[in-house]
Amino acid sequence: MTDHRDARDLHAFIAGLPKAELHVHHVGSASPRIVSALAARHPDSRVPTDPEALADYFTFTDFAHFIEVYLSVVDLVRTPEDVRLLTYEVARDMARQQVRYAELTITPYSSTRRGIDELAFMEAIEDARKAAEAEFGVVLRWCFDIPGEAGLEAAEETVRLATEDRVRPEGLVSFGLGGPEIGVPRPQFKPYFDRAIAAGLRSVPHAGETTGPETVWDALNDLRAERIGHGTSSARDPKLLAHLAEHRIALEVCPTSNIATRAVRTLDEHPIKEFTRAGVLVTINSDDPPMFGTDLNNEYAVAARLLDLDELGLAALAKNAVEASFLDPAGKTRLAEEIDTYASTWLAP
Ligand SMILES: O=C(O)c1cccc(C(=O)CC[C@H]2O[C@@H](n3cnc4c(=O)[nH]cnc43)[C@H](O)[C@@H]2O)c1
Ligand SMILES: [Zn+2]
């Protein structure tokens with residue numbers, strides 16, 4: 001990129017680029033607009049609604065502080081109608097960014113534990129999913145994640161909700177593991193991932209976000225990960241990078257998130273370039289966008305800067321997400337073609 005005019009063009013290109021998002025959390029996607037709507041329903045909440053105060057509230061000292069704040073927003077989602085509103089409005093925000101397909105990570109344990117009826121919860125997300133597809137043209141799929149720090153009881157509850165025919169929602173495609181990694185070894189979750197995989201779900205744990213590459217190996221070997229959430233510390237292990245590249249195991253890279261939670265010091269120190277240099281399939285994601293003061297378009301702009309990409313490079317990055325997604329083959333072909341058509345129309349003289 002040579003001057004400001006080029007940077008402006010690239011932002012406009014990104015804004016219209018059809019995209020898939022593979023790593024974005026349900027509650028973590030609540031924009032100030034959605035937080036205000038939820039807080040109006042539950043005025044006893046400690047989450048501020050004024051956008052300036054909210055920006056302050058969403059400034060984190062470390063990963064543990066981030067989780068503490070995250071859970072205070074979880075506390076705002078108390079009824080099936082809250083769940084529906086959150087899901088539907090998150091899809092509206094995605095559509096504004098030309099997101100065509102998203103795998104949204106949901107932590108059902110956090111909601112059922114707080115007293116939301118499990119069937120009503122599933123009905124609310126499914127109702128929102130169908131409305132989002134019909135009204136916004138956004139196809140949503142679910143990843144149910146275990147909040148690892150909550151232990152094996154949470155793992156049991158999550159795998160039950162993900163596999164029991166009576167409750168399992170139609171849009172569920174994958175099984176994950178989130179929350180802090182320090183002091184939460186991945187191998188203990190193997191039996192739960194085995195059950196989820198046996199039920200046809202794909203394995204997508206967070207790993208190597210706040211711990212070293214050995215956690216990514218554990219996710220691969222014990223949890224049979226098909227993609228890795230973050231995987232930031234993989235850069236420290238050349239053998240691991242080679243393994244990820246060889247097996248087309250994508251990393252769900254979320255650059256701004258890594259800075260906001262202080263997993264990485266500065267964007268310029270982010271290892272994304274090392275991933276692409278090693279041939280790893282890199283996808284770009286926003287994680288918890290309003291909490292990190294970002295959105296998916298901004299993450300693509302950050303990636304363009306860090307990887308020195310032009311329009312074709314950005315289109316290739318968008319197609320990486322399609323390749324690594326759990327869309328059916330026809331859906332993948334359609335979205336990849338839409339990306340190609342958009343790029344070639346944009347670049348036509
Ligand atoms: O809900 C509870 O009762 C509960 C009890 C103990 C621990 C937890 C959690 O640790 C919840 C973690 C929560 O954080 C979500 N999340 C959002 N962004 C990220 C991320 O970048 N890395 C890891 N986790 C993340 C995760 O999906 C869980 O819902 C909850
Ligand atoms: Zn995440």
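When a ligand or atom number is given, it counts from 1 through the structure's own listing order. If you're wondering where the values come from, they're calculated on a predicted model, not measured in any experiment.
- Neither the backbone nor the side chain of Val74 comes within 4.0 Å of ligand 1, counting heavy atoms alone.
- Here the protein heavy atom with the shortest distance to atom 30 (C) of ligand 1 is Leu71 CD2, 3.6 Å.
- A cation-pi contact links Arg227 to Phe326, judged by a cut-off of 6.0 Å to the six-membered ring centre and 45° from its axis.
- Nearest to atom 22 (N) of ligand 1 among the protein's heavy atoms is Glu209 OE1, 2.8 Å.
- Both tests do not hold together for Arg195 against Tyr192: distance to the six-membered ring centre under 6.0 Å, angle to the ring axis within 45°.
- One finds an angle of 170° at the Zn ion (ligand 2) between OD1 on Asp287 and NE2 on His206, to the nearest 10 degrees.
- Near Asp287, meaning under 4.0 Å from one of its heavy atoms, ligand 1 places the atoms 18 (N), 20 (C), 21 (O).
- Looking only at atom types and distance, the side chain of Thr256 has no donor-acceptor partner in the side chain of Asn258 under 3.5 Å away.
- At a heavy-atom cutoff of 4.0 Å, ligand 1 is contacted by the side chain of Phe63 but not by its backbone.
- Between Thr232 and Val253 the shortest side-chain heavy-atom distance does not fall below 4.5 Å.
- For Arg114, the heavy-atom gap to ligand 1 drops under 4.0 angstrom.
- For ligand 1, the polar-atom distance check finds an N/O of Thr107 within less than 3.5 Å of one of the ligand's N/O atoms.
- Protein heavy atom nearest atom 11 (C) of ligand 1, with residue, atom name and distance: Pro147 CB, 3.7 Å.
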Check the pair Leu347, Leu312 against side-chain contact (heavy atoms from CB on, under 4.5 Å), reporting the backbone distance first and the verdict last. CA-CA 9 Å; Leu347 293 170; Leu312 286 179; 3.7 Å; yes
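- Here the straight-line distance linking atom OH of Tyr109 with atom CG of Asp145 works out to 12.5 Å at 0.5 Å rounding.
- Aromatic ring pairs are classed by plane angle as parallel below 30°, tilted from 30° to 60° and perpendicular above 60°; the pair Phe13 and Tyr342 is tilted.
- For a threshold of 3.5 Å applied to N or O pairs, the pair formed by Ser110 and ligand 1 contains at least one separation below that value.
- In terms of protein heavy atoms, atom 24 (N) of ligand 1 is closest to Gly179 N, 2.8 Å.
- A side-chain N or O of Glu157 and one of Thr112 form a donor-acceptor pair less than 3.5 Å apart.
- In this structure, Phe292 has its ring center under 6.0 Å from that of Phe66.
- Considering both main-chain and side-chain atoms, Ser257 never comes within under 3.5 Å of ligand 1 through any nitrogen or oxygen pair.
- Between the side chains of Asp237 and Trp217, at least one donor N or O sits under 3.5 Å from an acceptor N or O.
- Summary of contacts: the protein heavy atom closest to atom 3 (O) of ligand 1 is Arg113 NE, 2.6 Å.
- Counted by atom type alone, Trp142 and Glu170 present zero donor-acceptor pairs between their side chains at under 3.5 Å.
- Distances from atom 26 (C) of ligand 1 to the heavy atoms of Asn285, Val27, Asp145, Thr105 put Asp145 nearest.
- In summary, the atoms of ligand 1 found under 4.0 Å from a heavy atom of His230, numbered by their order in the structure, are 21 (O).
- Nearest to atom 25 (C) of ligand 1 among the protein's heavy atoms is His25 CE1, 3.6 Å.
- The residue from Pro180, Cys254, Ala150 that puts a heavy atom closest to atom 10 (O) of ligand 1 is Pro180.
- Between the Zn ion (ligand 2) and His25 there is an N/O/S contact shorter than 2.8 Å.
- By heavy-atom distance, the residue among Asp288, Val24, Thr112, Ile67 lying nearest atom 18 (N) of ligand 1 is Asp288.
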